[in-house]
Amino acid sequence: MESRVLKPILAVYVALFILFLYGPFFILTILSFQQGPEGGPQFPIIEWSTYWYRHIFGLTEASRVAPLPVGQAMTRSLILAFMTMVTSTVLGVMSAQAFRKKFKGSDIVFYLIVLGMITPGLLTGLGVALVSKNIFNVDRHWWSTAFVSHVVYTFPFAFLVMLAILNRFDASVEEASWSLGVSPMRTFRKVTFPLIFPGVLSSMLFAFTLSYDEFSRTLLSSNEQTLPLAIYGTFAVEIHPNIFAFGVLTTLFSFSLLAVYAILMGLSVRRAKKIAIQEEIG
Amino acid sequence: MTAEAHIFRLDAVSKRYGVTVALDNINLSVERNEYVSLLGPSGSGKTVLLRTIAGFETPDEGRIEINGRDVSSLPAHERGIGFVFQNFALFPHLSVADNIGFGLANRNDPLPHDEIVDRVSDIIKLVGLEGLGARGVGQISGGQKQRVALARTLVTEPKLILLDEPLGALDANLRGRMRNELRAIRERLGVTFLHVTGSETEALAMGDRVIVLDRGHIAQFDHPDHVYSKPATPNVAKFLNRYNMFDGSISGSAFKSEYGDLAFIQKTKSDHPAYAVRYDRVAVDSDGSAGKGPSLPANFIASEYLGSSIMYFFEAIGGKVIEVEHHLSHGAPKTFEPKKSYRLRWKPEDAIVFG
Amino acid sequence: MAVPAKTSSTTAWWLIAPGVIWMTLFLVIPILMIVYVSFWTQTTFKIESTLTLASWQQFFASDTYITSLFTTVRIWLIVLIATLVIGYPTALYVGLFVKNKTLSTILLVICVIPFWTSFLIRVLAWRPMLGKEGAINIILQKFGIISAPIEALLFTELSVIIGMTQIYCVFMVGPIAFMLGRIDPNIIEASRDLGAGFWRIFRKIIFPLSLPGVVVGAIFVSVMVLGEFATASALSGRKVNLLGNIIVTQVGSLKWALASVVGVILTIVMGIVVALFLRIVDLRREL
């Protein structure tokens, strides 16, 4: 009886919760259509316009508001996220594969890897900066020091995703392959990998998005700006609606990335079914 | 190749998991071109034994020889054996034909493509999967999956095929048909099958010889009729599920049990005394007196019709259920009155006594 | 089960070695380095490896730094409680009350979607929300609840807390909803049959069973909030200085030794917090 009352109350609560999650971004989207260049980052909307979107791409006349310094930073971020994605997925698959059998010291190794995702970015960044500066005496770059500290962060995620996938993996198909005279290496390539591919895609997605949005590690471990650092830089000075417009655009970009992932995922599931269906008809 | 008489041999093979002994000093050799069933209750170590021969598990001690070659330290893919799994373990991302051709195409010395196609289509005919080659393995029935699993192994032409409860995942009807097919295919190809099963009927029906495994050691390895009529230990008699077993002790020429002294003629040496008499060797007498020979009183409970025979269930002192099998070829079924007391008799020479 | 036992241990080590080397080289050594450098000698623009306690003394002698330590702990506690209080009912609904698996997955996805917007943009989005001419003030004035805009909403500790709570509460919802989803509905049904009211069932069954989820969520939230600096610098107008902000400022002015001291203190605080949470629940057994 009580739950009959409680359930609708909770449902309303969850709706409010979602409003709380989405509200600020909703407001930000509205304000990104503020009139420019005089309109500020607040209400009221003087006049609806796409001025700030055009401003990002340098399509407006020069004004007192400088264009966002994002071009180069974005290229760096994309390359860095790609490098991080590949490296941490390879490391994640290898480590999770090792964890399928209990080995000596597996507990310690597990915690060592997980430590990477629970250590605050600032500490990783600071530590990597100190080591590179005082032990190796090398400069800090987005493709070197920032890259390794990104992988420290994303590798544990890839590892855990792969571990979950391999936990549910039926090892007898691998044994079947060995018993047919196929070596363990080739068995991995021809049997294991195709079967864990959805997990590989997920850990790639994880690693890419985490790295693309990472900034506390990058802040201390890179001399050059990546995209999040460029955005962080605008905090110091006065903000304009162009940063809002930029936020909307990057979100759309993330969603298209997510869509690509969903399509790839759907394809890999559907491929097997399709053959079967054609056979059924023919 | 030398004409080695044995297809495989195990020398003093042992395997432990922590404190549990899975295999206890196994010595075993199996001849070429033979169908061997490996029977044991769950936990007897039969699957571990099979996996150890295949190379999926490493024994703690002992030597394994396949085809006259010591394979103890060889990984599974270099042992040249076939393995059929209970859950079939087909490659879910490949078609039926690709599953079957997988070994030929991916082993260290792959065959040319044309030859693979030929061999695969031959074996598809042999196991009766014509027209299904392009299907995904998710789109075929359980019996067809079983055939794919078998064909995939047969096509690589191993001399020894290990089957881990291969019929366990099939329904009863299909199981019967697959039994005959397995035997026929094996005879045609002249390979050795080592077939693990938990079902005593399957083991006795299929094996040219039967290995009975009991808590990690071999209790008996003999022809099925010998295993059936002369179980080597009380446990073997128990697994066969064809014997009424009585506890007690031997004193002189009688077996003392809670049903009185039971007479017998021969006895088999064993650490655990037991008195066994086969279901179909027990006769039912409506005369309640003791009379001559071993007998005991029991109340009729129920009967069960099995087609070629009928099972009668009686309850003796202390609630012990005694089963009596009556073959219908030996006469029409009898009717007994429930809860009425009868006398169950058998000949002393039919008793198998351990002690 | 994989390759035969003799070779499997070696194979496992070859597979795991690159990951272990990576984490040792780029995580363990850097953290040890922070501890080491915190005892180095700081000159105006350089640090030297002569050991000294000077930076530690500087930290504990300064009111600003001690205050920031307390601010960090205070904000962490408030945000932790806020995320739990706000997140738990949502988790309760998603994990326990929604019987339909598809619907609960959809709700969880809705909670996760904002993470595909840049973290910094999400923080920034609170400015037009909380500002003097922001959405909240406009709405409150429209409804006549207030006559003059509330200025305390933005560029205060409150705005930092609101921002952090919104960004991190999903990390609390996820693990709790997961644990609640694993509760066997028969247990709740049975206790209801025995006449227990919802509140009693909640206290005796639901909450204890969800505790591992609460602990995991609390660890997530704590680790992230304690290492925070961006939300504070974006929403407090430099009024709130967390330990993280101090590290960033000190590195900016090349005071590596002092930054390291703050780093060590942050590590210690986090170590204590995580250890305390792990004492509540034996996670390895529960998960």
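So you know, we letter chains A, B, ... as the sequences are listed, proteins then strands, and number each from 1.
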Check your understanding: How about residues 96-111 of chain B versus chain A: which residues have heavy atoms under 4.5 Å apart?
Key -> Phe102(B), Gly103(B), Ala105(B), Asn106(B), Arg107(B), Asn108(B)

Study note, to complete from the structure: Of Phe88(B), Phe85(B), Phe83(B), the largest count of non-hydrogen pairs under 4.5 angstrom with chain A goes to Phe85(B)

Got a sec: does the [atom1] of [X] have more than 12 other heavy atoms crowding it under 6.0 Å?
| X | atom1 | answer |
| --- | --- | --- |
| Gln72(A) | CD | no |
| Phe206(A) | CZ | no |
| Phe169(A) | CZ | yes |

Exercise for review: Nearest 0.5 Å please: distance from the OG atom of Ser179(A) over to the CZ atom of Arg79(B).
Suggested key: 12.0 Å

Check your understanding: Ser177(A) versus chain B, heavy atoms under 4.5 Å apart: side chain, backbone, both or neither?
Key ->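 Contact with chain B: backbone and side chain both.
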
Heavy-atom closest contact ([X] atom, [Y] atom, distance):
| X | Y | result |
| --- | --- | --- |
| Phe91(B) | Val173(A) | CE2-O, 3.3 Å |
| Leu195(A) | His93(B) | CD2-ND1, 3.6 Å |
| Ala176(A) | Ala89(B) | CB-O, 3.9 Å |

Exercise for review: Would you list the pairs meeting side-chain hydrogen bond (donor to acceptor under 3.5 Å, both in side chains) in which at least one residue belongs to residues 140-151 of chain B, sequence neighbours left out?
Suggested key: Ser141(B)-Gln144(B), Arg147(B)-Glu181(B)

Check your understanding: Is chain A contacted by the side chain of Ile140(B), its backbone, both, or neither, given a heavy-atom distance below 4.5 Å?
Key -> neither

Throw together a table of side-chain donor-acceptor distances under 3.5 angstrom for residues 116-126 of chain B, partners on residues two or more places apart or in other chains.
residue, atom, partner, partner atom, Å
Arg119(B), NH1, Val155(B), O, 3.3
Ser121(B), OG, Val117(B), O, 3.3
Ser121(B), OG, Asp118(B), O, 3.0

Revision key, fill the gap. Arg183(B) meets the salt bridge (charged side-chain N to carboxylate O under 4.0 Å, His left out) criterion, sequence neighbours left out, with Glu187(B), Asp208(B)

Check your understanding: Taking the side chain as C-beta and beyond, is there a heavy-atom pair between Arg186(A) and His77(B) under 4.5 Å?
Key ->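 Contact flag for Arg186(A)/His77(B) side chains = no.
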
